Amino acid sequence: MAKSSEVLRLDKVSKIYGMGEEKVVALDKVDVLICRNEYTSIMGPSGSGKTTLLDVLSTMSRPTLGNVFIEGVNTTKMTNSQLASFRGNTIGFVFQTFHLLPRLTALENVMTPMWINGVPRIEREARAKSLLEKVGLKERMGHKPGELSGGQKQRVAIARALAMNPPLIVADEPTGNLDTKSGEIVMDIIRKLHKDEKRTIVLVTHDKNIGKQAQKHIYIKDGKVESDRKVCSIM
Ligand code: ADP
Ligand code: MG
């Protein structure tokens, strides 16, 4: 059967923080469509709603209004535990501040999502090792985050994001805390995840030079997005 290549769809999504006078409309009736194997950047000034948009489209945060469909499933209807399990197998996360567990080694950090998802020990160790090797950290597997540079930490975080082999990778300012050279290495890995591994990538950045490496761009301003298309092609 023909299958739509739609991966992600936001349908009139609003996110409103606070109430009354304090109310902040961080997303204002946003429509977004992301198709399989696209590399999309979300760009906009500081405070425009980029992180909120990424959090909502990756189901980390629920919309106040509207619906979020992933692989055709309306995630807004799921319970928290259904959502956590769905997310764990569908989306890999990369954050500006890495979010590694400080007491665990690089290898243990990469193994953690597989441990949560019940992957047998031998398999998770072998897979974590091969992922760390892939991001060029073969010699650093036994080190804890405190013993790694920023760029190395982010590469551990990318390996961890790949642990459950998710089709979709979301990254929020992944080079925001890195020097130029480390940032380039990280962006190179992300580019390969798209080009060689055919993953769908959504990247948030306020940096035009980083954003232009994506194929498609979503510009957000004051929580508003201009939407271009209505359907993905049929595969
Ligand atoms: P960006 O990532 O583009 O800098 P954010 O998505 O972080 O923007 O924020 C968008 C708007 O929502 C800003 O006005 C911000 O202050 C507000 N905001 C973000 N998170 C919260 C929150 N948890 N509570 C209240 N307001 C928030
Ligand atoms: Mg942000």
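Just so you know, ligand 1 is whichever comes first in the structure, and atom 1 is the first atom listed for that ligand. Only a predicted model underlies this, so the values are computations on that prediction, with no experimental measurement involved.
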Inset, instruction - Identify whether the distance between the nearest side-chain nitrogen and carboxylate oxygen of E133 and K129 falls below 4.0 Å. - result: no
Legend entry - The single option from T205, T51, N177, T175 passing side chain to side chain donor-acceptor pair (under 3.5 Å) against Q96: N177
Inset, instruction - Output yes when a protein non-hydrogen atom is found under 4.0 Å of atom 16 (O) of ligand 1, and no otherwise. - result: no
Legend entry - atom 7 (O) of ligand 1 [closest protein heavy-atom partner, distance rounded to 0.1 Å]: T51 CB, 3.8 Å
Legend entry - Smallest separation among heavy atoms of R140 and A106, with atom names: O-CB, 3.8 Å
Inset, instruction - Say whether V24, considering both its backbone and side-chain N or O atoms, lies within less than 3.5 Å of an N or O atom on ligand 1. - result: no
Inset, instruction - May I ask whether G18 places a heavy atom under 4.0 Å from ligand 1? - result: no
Inset, instruction - Scan the protein's non-hydrogen atoms and note whether one is under 4.0 Å from atom 21 (C) of ligand 1. - result: yes
Legend entry - Identity and separation of the nearest protein heavy atom to atom 13 (C) of ligand 1: G47 O, 3.7 Å
Legend entry - S41 side chain to K216 side chain, donor-acceptor N/O pair below 3.5 angstrom: no
Legend entry - Exercise: do T59 and R87 side chains pair donor with acceptor under 3.5 Å: yes
Legend entry - Residue, atom name and distance, where the atom is the protein heavy atom closest to atom 8 (O) of ligand 1: G49 N, 3.2 Å
Inset, instruction - Below 4.0 angstrom from a heavy atom of P45, which ligand 1 atoms are there? Numbered from 1 as shown, please. - result: 3 (O)
Legend entry - Qualifying residue for side-chain contact (heavy atoms from CB on, under 4.5 Å) with L10, from I34, L53, I70, D31: L53
Inset, instruction - Compute the shortest N/O to N/O distance between A26 and ligand 1 and return yes if it is under 3.5 Å, no if not. - result: no
Legend entry - Any donor-acceptor N or O pair under 3.5 Å, side chains D11, N67: no
Legend entry - For S46, atoms of ligand 1 separated by under 4.0 Å from a heavy atom: 4 (O)
Inset, instruction - Grab the two heavy atoms, one from N80 and one from R62, that are nearest each other, plus how far apart they are. - result: OD1-NH2, 2.8 Å
Inset, instruction - Distance to 0.1 Å, residue and atom name: give those for the protein heavy atom nearest to atom 9 (O) of ligand 1. - result: T52 OG1, 3.9 Å
Inset, instruction - Look at T52 and state whether any of its N, O or S atoms is less than 2.8 Å from the Mg ion (ligand 2). - result: no
Inset, instruction - Considering only non-hydrogen protein atoms, determine which one is nearest to atom 23 (N) of ligand 1 and report residue, atom name and distance to 0.1 Å. - result: Y17 CE2, 3.7 Å
Inset, instruction - Might you point out which heavy atoms bring T40 and A214 nearest each other, and give the distance in Å? - result: C-CB, 3.9 Å
